[in-house]
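To start, the structure itself, in structure tokens.
In what follows, every heavy atom counts, from backbone to side chain, and hydrogens, waters and symmetry copies are set aside. Keep in mind the model is a prediction, meaning the values are calculated, not measured.
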Amino acid sequence: KACPNCCFCALFHFTVVPVILKALTYDEKRGSCSVGSNVRDAACYVCWAFARAYDPSELIPFINQISSALVIAAVFDRDVNCRRAASAAFQENVGRQGTFPHGIDILTAADYFAVGNRVNCYLTISVYIAGFPEYTQPMIDHLVNMKINHWDSVIRELSTKALHNLTPRAPEYMANVVLPRLLPLSVGTDLHTRHGAILACAEITHALCKLAEENNRSVTYYFNEKSLEGLKQIHQEVLAAICLFFFLYLSVCQFFFLTVCTLIEKLSLSKMPFRGDPIIGGWQWLINDSLRSLPLVSSTARQHIKESAVSALAALCNEYYINEKGEADPALQDELVTRYISGLQNTEEMIRCGFSLALGALPRFLLKGRLQQVLEGLKKATIISPEDVSFAQARRDALIAIAKVCQTVGVKGEGSQEEYVCKDNVTQIYATLLNGVTDYTTDSRGDVGGCCKQIMCWLAQQAAEKIDKFRAHAGSVFLTLLHFDRPPVPHIPHREELERIFPRSETETLNWNASSEAFPRITQLLGLPTYQYYVLLGLSVSVGGLTETTLRYSAQSLFEYMKKIQNDSSEMESFCETLLKVFEDNLRNDRVSVPLLTMLDQMLANGCFDIFTMQGNHPFPVKLFNLCKEEIKRSKDVRKLRSSIGVDITQDFFLSIFCLYFCMFSRFCGLIQFEGDMREKVLFQLFLLLCHPFPVIRKTTASQVYEMLITYSDVVDPAIMDEVMTILSDTNWEAELTVVREKRNHLCDLMKVPKPQLVSKVKYGNVLLSFFLCNDQLFY
């Protein structure tokens, strides 16, 4: 530490300052982390102490060195604590010394809070500070010397992007000094240095070419022959390394695939004069090999390599595969399209993903005349078959590719189906996209098929569902189609009502991710017959879901809608008919049926169907009751049981089956509120369970019947109410069945419910164990 009260001679300055400056950038890797952050933080404190210990005149010889080092630490340090410490030390020196160049201006941009965001520091703040000549070269040199070979790959990548942004500040220095220094490093032996150097060469080259084009100069203005050859040489060296190390060091090859694809993309975007050069064929081979090798690389690197390869392909095709007439070479077109379409039926999911996105990245001139072939190939890749049922990610990428292809070729109603989206193929395209909505494939990651819904949602349904990002995407597409006016999209059902619910002025401000904003709007579509089924299907998953905010706002919006239509018998009849249709269509589809049961329970408890309670034998509760019985018929899914009741009763398989019946009927104690035969049916089923073979079910059933009778007191004659409640509460329902059955039968006599009849026993050990409910008879 530096003591503010100490006074040192000039010789000390020349001894200490270089050490402190070195400490500000000290970074030593130990294992998977660094041990240099404490040293850098202490060095910042020393610089802070300098401001208090010395007069400005004593530090004049070192001002440029210290100020540059503190700026570099404040902007480029990996750790936020060090960046903030450097910013604080810089501020202290600016305030007390007053000699730091452009101190106030820099502090305004790089204050304590601004440097908290590392990406912002590298890509934005650094560009502003580099605008001051005193800091430009030191910042560039630090990135080249210390950061492009950093042990953290994120820092290496950020550094190369920062060099891209800094290039316009010193183009001559970048072209004549930095790039010649980087080219030998890009073919060196150190992996980290090689990775950073290749990316840096790509970014700087791209920035220099953009700068030359902006100034109406040749793209090669900043490059000499040696630099151009050096850029081409990178690919050759990397190709040799891949061939040598592919099977031995696959993790090394991952770096090469990723970096060289980025290099190809940047050089293509830079319009380098390589047209007709054999290097183009080598680039194409490497892109194809990157896509073919996706199954062999680590799961964390796959997405990055896939995106990088596809971006490189798009840039390469746009720059080097188009002739003077704006057309593609027929042989080259046939080779690319045929190769990629054949890859869509590969047995490896990742290869399908890569080639699907490659087709989606092809420019219009390569799709011309082959559009129908491409769409047919992608359509086949979206079809679920027994062999590839788990390939949800491949189907997602195929759908993404279809959307991109459609954007690329454009729409022309009377055009050729080989060149445009037109009346001859639009039906096929929409059918393929909308089929993706039905993909709910699940694996260990959950609803992986849900990714396909991002392409083209069955909008009303998806805008009412529980997953925020899908709801937001569906809502955004919904409003885009509704308010699109170049030209307006025809045949949208209930357009006037929709425009009233979703005004054009709120298209940008409505936050579909927020449940509090989305559900009050989307539930209004329940009043529109065309949308009612789909919105109710989506709401079933949301209202019966587990996410607290989604559940609260979706249920609240649904109940408010139900209150509005309570006195409208025709609206209620229509709603209930649709609700039963949703239930019937999704019987034993646990993704929908389980939350639907939860939603129904809440609706019954909130009196949403009170209009029917005074109508004896109304068909709605009868149909609902029968659907509930059908839902659990021969069901063996324990998850359904656990989603229906909050108590984990047992892991036993057969008990789970019996409990499933129990939880279903206990869930619908609310059906007792409907008058007529419904009450007798509900009571009969519940009294069956009072003599269930498992004591815990008998006990829980008695408790729920007790609560039900308190809630709906009109079910029992007041004269016998006390006796019924006493039997339910005082009886030991875990006692022997003979004792329990006597109490149950007495309840049946009191409430005039038929007594269940005993039939012959079925052995529990029999795998074909019959259910204990069949034709209103009880099997023990």
Side-chain angles (χ1 to χ4, degrees), residues 68 71-72 74-76 102 106 109-110 118-150 153-186 193-234 259-274 308 311-312 315 319:
S68 296
V71 162
I72 287 169
V75 177
F76 294 140
H102 312 285
I106 292 173
R118 186 166 63 189
V119 175
N120 184 54
C121 285
Y122 271 81
L123 304 184
T124 305
I125 297 176
S126 66
V127 178
Y128 173 76
I129 297 176
F132 303 114
E134 295 86 347
Y135 301 99
T136 307
Q137 188 172 323
M139 293 175 72
I140 293 173
D141 288 341
H142 174 77
L143 290 174
V144 173
N145 297 328
M146 303 290 294
K147 288 297 189 284
I148 65 164
N149 59 354
H150 197 273
S153 62
V154 175
I155 297 296
R156 296 199 297 272
E157 291 168 7
L158 274 176
S159 299
T160 60
K161 293 176 182 177
L163 286 171
H164 175 96
N165 292 349
L166 294 176
T167 297
R169 299 295 188 190
E172 299 291 343
Y173 183 72
M174 287 290 196
N176 299 326
V177 178
V178 175
L179 192 59
R181 190 192 309 174
L182 289 172
L183 287 172
L185 298 177
S186 65
T193 302
R194 195 170 189 175
H195 174 232
I198 294 174
L199 292 180
C201 288
E203 295 287 357
I204 292 172
T205 300
H206 187 207
L208 288 172
C209 290
K210 286 198 301 182
L211 191 61
E213 191 173 11
E214 290 171 4
N215 295 322
N216 297 318
R217 294 168 174 167
S218 167
V219 293
T220 59
Y221 176 80
Y222 291 105
F223 304 94
N224 54 38
E225 193 66 29
K226 186 177 179 181
S227 296
L228 294 176
E229 285 300 320
L231 290 171
K232 289 199 293 184
Q233 186 67 21
I234 293 174
T259 53
V260 178
C261 284
T262 302
L263 177 69
I264 294 170
E265 178 190 5
K266 296 299 182 182
L267 294 183
S268 299
L269 292 174
S270 301
K271 302 178 181 179
M272 299 301 284
F274 298 155
S308 182
S311 298
E319 180 57 30

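- L199 has its side chain out of reach of R156: every pair of non-hydrogen atoms, C-beta onward, lies at least 4.5 Å apart.
- In this structure, L183 and C201 have side chains that are in contact, with non-hydrogen atoms separated by less than 4.5 Å.
- Panel note: side chain S311, backbone S308; no donor-acceptor pair is recorded below 3.5 Å.
- Pairs passing the ring pair (Phe, Tyr, Trp, His ring centres under 6.0 Å) check and including a residue from residues 200-227, sequence neighbours excluded, read H164-H206.
- How far CD1 of I148 is from OG of S186: 9.5 Å, rounded to the nearest 0.5 Å.
- Atom NZ of K161 sits about 7.0 Å away from atom CG of L123, to the nearest 0.5 Å.
- Rounded to the nearest 0.5 Å, atoms CG (L208) and OG1 (T220) are 11.5 Å apart.
- Within the model, atoms OG1 of T262 and NE2 of H195 stand 7.5 Å from one another, a figure rounded to the nearest 0.5 Å.
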- Mind running side chain to side chain contact (heavy atoms under 4.5 Å, CB included) on T259 and R194 for me, showing each step along the way? CA-CA 9 Å; T259 53; R194 195 170 189 175; over 6 Å; no
### Task
Kindly determine whether D141 and Y173 satisfy side chain to side chain contact (heavy atoms under 4.5 Å, CB included), including the steps that lead there.
CA-CA 10 Å; D141 288 341; Y173 183 72; 2.5 Å; yes
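- Rounding to the nearest 0.5 Å gives a distance of 6.0 Å between CE of M272 and OG1 of T205.
- If you run side chain to side chain contact (heavy atoms under 4.5 Å, CB included) between V178 and each of I204, L143, T167, L166, only I204 comes through.
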Original post:
For V177 and I140, what are the C-alpha separation, side-chain angles and deciding distance, and is it a side chain to side chain contact (heavy atoms under 4.5 Å, CB included)?
Top reply: CA-CA 11 Å; V177 178; I140 293 173; over 6 Å; no
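- Annotation: side chain of N165 is not in contact with side chain of Y122 (no heavy-atom distance under 4.5 Å).
- Taking CE of M139 as the start and CD1 of I72 as the end, the distance is 7.0 Å to the nearest 0.5 Å.
- One finds no salt bridge joining E229 and K226 here, because no Lys/Arg side-chain nitrogen approaches an Asp/Glu carboxylate oxygen to under 4.0 Å.
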query: Does the pair N224 and N176 meet the rule for a side chain to side chain contact (heavy atoms under 4.5 Å, CB included), with working shown?
result: CA-CA 9 Å; N224 54 38; N176 299 326; 5.9 Å; no
